[in-house]
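A short write-up of the structure that comes next.
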Amino acid sequence: MFPIGIEKFTDLFGGANVIIYPLLSIGNGILLFFASMKFLLVLQQSGYHGKRYFKWLNDKNTPYLSRLMLLSLLGLLFFCVLNTCFEPILGLNISSYVGFIAYLIFMILYVDSEKTVNAKVPLKKTFRLVRLCVTYLIVLSLISFGTIILTDFLAYKIGDEISGLLRYSILCLLPLLTPVFLFLAYCINEPFEEIIRIRYIRKTKQKLENSDVIKIGITGSFGKTSVKEILKGILSQKYRVLATPESYNTPMGICLAVKNLDSTHDIFIAEMGARSKGDIKELCKIVKPTVAVLTGVNNQHLETFKTEEVIKQTKFELFESLNSSGLAFFSSDNDKSIELSEKYNGEKYIAGANGEQNFVYATNIETNQNGTSFTLNINGEKPVKCYTTLLGHHSISNICLASAVAYKIGLRPKEISWGISTLQTIGHRLELIPNNKNIVIIDDSYNSNVDGVKSAMDVLDTFKGRKIVLTPGLVELGKLENVINFQLGKTLSYHADIVIVIGKHNAEMIIQGLIEGGMNKENIIFAKTLNKGNIALNEIVKEGDVVLFENDLPDNYS
Amino acid sequence: MKNIIVIFGGQSIEHDVSIITGVLTVNSIDKEKYNAIPIYVHTNGKAYTGIELLDLDNYTKLNFEKLKKVEFLLASNALYINKKGKLKENCRISCCINCIHGERGEDGCISALMKMCNIPIASPDILSSAITMDKIFTKHILKTLKIKTLPYIFLSRGESISPSKLNINFPLIVKPATAGSSIGISKVNDFLEVKSAIINAFKFSDKVIIEPCIKDFIEINCAGYKNSQNKIVVSLCEKPIGKQQILTFDDKYKNGSREFPANIRVSLAEKIRKTTAIIYDKLNLNGIVRIDYFIYKDEVYVNEINSVPGSLAYYLFCDTLSEFTTLLTDLITEALQRGAKNSQQITHFNSGILTGWGSKGSKHLKKNK
């Protein structure tokens with residue numbers, strides 16, 4: 001009998017194959033789809049940015065390619081073994097399918113093991129993701145179909161028994177290529193996505209233009225979200241405010257926020273994030289802010305900006321977009337912010353915790369574990385007493401900056417003070433976590449940076465007791481990453497008593513820094529994952545301790 | 001442009017008066033700043049909207065089934081149009097002005113509805129509306145504020161009264177405790193008349209109040225509102241002449257049916273205005289509230305507090321209707337600011353009760369079979 005049960009080439013598309021081909025293709029497509037959830041997540045987290053997606057794939061520290069390799073090779077091996085074993089019993093034709101059992105089992109095991117790996121940021125179900133998934137599933141099924149036809153054809157051409165028996169084993173190698181297939185699906189969808197995006201942005205622009213809300217743009221390397229939340233809280237004493245939620249600071253994020261804008265709103269606050277030059281300009285074209293706020297500039301995202309000068313230029317795009325009646329606000333607690341304020345020629349105000357020459361500044365600042373009290377001085381008005389549960393000196397700086405904006409928009413100092421007293425800690429940003437064990441737990445796990453660490457250390461110093469810090473270090477800092485993490489270790493050694501280093505990404509540099517700073521080796525604990533870090537923490541923590549969770553990362557670095 | 005709804009009409013004996021207040025208010029809202037939407041609550045309890053409602057002449061001949069039917073949904077500050085059972089969002093509402101007098105309006109019902117819908121209201125809140133609607137509760141509250149009211153006796157439904165309990169001298173006034181206008185009120189001269197007067201008053205309320213019928217008193221009205229600077233503004237005192245419930249602009253200004261400002265001693269006028277400010281502040285009122293006083297033997301007594309006064313008592317603050325427009329803008333601004341502030345209040349708190357409830361015998365909460 002002919003190895004794969006056919007006589008002529010055209011027979012490939014006749015008989016049982018009419019059912020077997022589509023079944024195998026779609027089945028394999030679905031299996032491959034579920035095996036590549038991780039890549040979908042990475043693609044989504046990299047902001048559907050092809051470059052960043054491949055950077056993650058190329059990262060030596062990502063174990064996923066080796067995992068796929070293992071899956072493919074094991075699948076291939078067992079496929080061949082099973083097929084060969086069953087050949088004498090079932091005959092060549094049927095036994096060439098037996099190997100799929102092994103393939104199926106390994107796939108299910110793989111998908112299941114993927115599931116148990118805790119994703120810190122789960123996959124967000126958006127329409128875009130659904131569109132991508134549909135295309136991806138079709139791509140996978142078509143590729144499976146092509147591969148099946150090709151192998152059958154090759155087996156038919158070669159014509160010997162072995163190639164006939166093992167022809168489908170090639171399918172086991174497809175998982176290895178799923179990251180590329182996903183990118184292919186992404187490339188197919190991209191032109192359509194672009195059209196949808198342009199239309200969406202145009203609609204948003206129009207809606208904002210037709211609305212009579214005051215538009216405020218906030219940018220800076222750090223503290224944008226904090227200032228935005230504080231400003232929203234204070235302005236809400238008098239106005240109905242819509243702000244971009246959480247850290248939605250991209251054009252699409254702003255579009256999503258504007259969806260909720262309606263005639264009842266008085267003010268719209270847009271947080272503007274940038275990863276490369278022109279980003280802010282693009283956002284300003286959508287929002288057309290009349291009030292611009294700069295929190296400060298540091299080397300956050302230096303990796304994508306290349307030089308500090310470019311970062312400053314990019315942030316300044318916000319102020320270039322203001323028209324002559326626009327108001328500009330600069331933080332006085334950051335050197336580069338002051339530098340940029342000097343460059344700006346329109347109506348401008350400088351505010352921050354320190355400096356009596358400021359438009360707004362704070363005096364009598366007193367911080368303890370219950371919060372902070374201070375006196376707010378606005379533009380020579382009668383100073384007002386303020387109280388907030390927000391922690392740290394940088395919070396006061398943010399409050400002063402937000403107060404300046406609120407004052408110019410029309411709130412009286414008294415109203416601003418009331419607004420400040422209602423402010424609540426923003427999730428994961430130096431947030432006090434209540435517990436009944438008399439342990440001060442501070443959660444500062446959201447996307448940290450050098451200045452953020454400084455503030456966290458300031459806060460840590462305000463507490464008594466043994467201080468334990470958990471950190472995986474800082475990322476996305478380009479060439480400086482090693483230096484900065486070494487510095488981080490050194491800084492931590494001065495302020496903390498015990499440091500638990502999470503993950504091996506930056507562990508080496510942090511530990512070197514810690515030792516350089518003079519910390520005893522027995523006070524440094526290394527944990528591979530956050531979960532393991534927590535277990536280690538539970539073993540050592542006792543009443544009266546202060547625990548700081550400093551910067552954990554999105555999934556694509558863990 | 002912000003959408004402001006004005007609700008009027010209502011299932012109350014003052015339905016007709018309310019239409020006049022409502023239409024006057026809608027027509028007076030500054031059209032350059034706001035989009036004013038009339039919402040008419042029919043005596044059947046259903047609400048309608050449409051520009052037809054802006055003309056008073058229409059009300060006797062309108063077929064309301066042809067107007068747009070309005071609905072409100074919980075936690076949604078939108079106005080929905082009910083089209084054969086299907087709801088369609090018409091617009092978002094920034095603020096509401098309540099012009100329904102009496103039951104199911106002035107008593108806090110509209111404030112409650114707006115609260116559930118997250119819509120700010122330029123009228124008193126639920127509690128103060130409910131208290132001022134009830135003459136007995138009003139007297140209790142005013143007593144704690146050391147503000148004088150006439151002595152009284154009150155009866156709940158089913159309670160009877162003996163002559164010995166009536167230790168106030170005849171003639172007396174018997175009136176329903178919660179109805180707003182003069183309906184159901186009777187003057188009685190002896191005990192025989194009391195019984196039928198009580199029966200009559202119970203038709204309009206579950207509680208009846210009996211007060212002495214004083215003679216030779218001066219009636220004085222005085223109103224207050226909170227402006228956008230959060231300051232209470234108190235009007236001058238007015239002395240109404242005659243018993244008209246609602247006064248047209250001409251009546252108020254041309255026919256001399258009132259004395260404004262009232263020709264009373266300055267010290268009394270000041271006392272009344274001060275009392276108005278105290279009541280407004282202590283009852284935490286909002287919007288325009290009119291307080292009716294008696295001056296009897298040189299003493300000031302509070303008669304009643306109207307949380308939704310007729311024509312919103314604009315004539316106590318404004319000489320012209322364009323001034324009323326400015327006043328309404330001020331009221332709306334105050335309501336918007338208050339609404340923004342209230343929306344920041346903490347409305348949820350994770351008590352931890354629900355987590356771990358399963359281990360604490362949640363079985364007992366389940367329905368017994």
Side-chain angles (χ1 to χ4, degrees), chain A residues 207-214 216 228-243 245 258-269 388-390 402 406 409-427 431-437 443, chain B residues 1-5 29-37 72-73 75-80 89-97 114 117-122 226-231 329-330 332-353 355-356:
Chain A
K207 193 173 176 186
L208 279 170
E209 255 163 44
N210 294 335
S211 161
D212 45 15
V213 291
I214 300 170
I216 304 175
K228 177 191 72 188
E229 293 296 332
I230 291 167
L231 184 57
K232 186 184 173 193
I234 296 175
L235 287 174
S236 293
Q237 281 297 310
K238 212 165 170 175
Y239 300 104
R240 248 178 84 82
V241 185
L242 179 74
V258 172
K259 248 174 139 179
N260 293 325
L261 184 77
D262 61 54
S263 65
T264 65
H265 291 110
D266 302 299
I267 292 165
F268 174 63
I269 309 177
T388 174
T389 52
L390 304 190
I409 284 180
L411 267 75
R412 285 169 289 152
K414 204 96 216 205
E415 288 167 329
I416 293 172
S417 161
W418 289 333
I420 291 167
S421 67
T422 64
L423 296 175
Q424 289 185 56
T425 327
I426 303 153
E431 183 184 5
L432 267 175
I433 308 286
N435 62 80
N436 48 15
K437 285 183 190 132
D443 177 2
Chain B
M1 195 136 66
K2 289 186 163 36
N3 299 304
I4 312 294
I5 55 168
I29 287 177
D30 192 342
K31 300 293 176 305
E32 287 188 0
K33 287 199 176 94
Y34 307 107
N35 176 29
I37 303 169
F72 293 95
L73 291 183
S76 160
N77 60 353
L79 183 72
Y80 292 90
E89 187 181 317
N90 184 271
C91 63
R92 296 297 176 104
I93 305 161
S94 286
C95 176
C96 165
I97 301 175
M114 291 304 122
C117 295
N118 298 336
I119 301 170
I121 183 164
K226 202 184 275 169
N227 70 7
S228 55
Q229 305 298 312
N230 238 351
K231 296 254 155 58
T329 302
D330 207 20
I332 291 166
T333 311
E334 189 276 329
L336 292 176
Q337 290 174 5
R338 185 160 34 87
K341 202 165 156 183
N342 290 347
S343 69
Q344 287 306 98
Q345 262 171 17
I346 298 168
T347 51
H348 58 272
F349 174 72
N350 187 359
S351 63
I353 289 176
T355 48

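Heavy-atom basis, side chains included; hydrogens, waters and symmetry copies ignored. Numbers restart at 1 for each chain; the letters A, B, ... are given by sequence-line order, proteins then strands. All values reported here derive from a predicted model rather than from experimental measurement.
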Notebook entry, point to check: Which region of A/Ser236, side chain (C-beta onward) or backbone (N, CA, C, O), has a non-hydrogen atom less than 4.5 Å from a non-hydrogen atom of chain B, or is it both or neither?
Noted result: both
Note to self: Holding to side chain to side chain donor-acceptor pair (under 3.5 Å), I want the full list of residues that pass it with B/Asp330, two or more places apart in sequence or in another chain.
What the structure shows: B/Ser228
Notebook entry, point to check: Which answer fits B/Gln229, side chain, backbone, both or neither, if we ask what part of it has an atom under 4.5 Å from a heavy atom of chain A?
Noted result: both
Next item on the list: Name the region of B/Ile119, side chain, backbone, both or neither, that has any atom closer than 4.5 Å to a heavy atom of chain A.
Entry: neither
Next item on the list: Only one of A/Asp266, A/Asp212, A/Asp262 passes side chain to side chain donor-acceptor pair (under 3.5 Å) with B/Lys2; say which it is.
Entry: A/Asp266
Next item on the list: Taking all heavy atoms of A/Pro245 and all of A/Lys228, pick out the closest pair and write down the distance.
Entry: C-NZ, 3.9 Å
Next item on the list: Using the test side chain to side chain contact (heavy atoms under 4.5 Å, CB included), find all partners of B/Asn342 that sit at least two apart in sequence or belong to another chain.
Entry: B/Arg338, B/Gln345
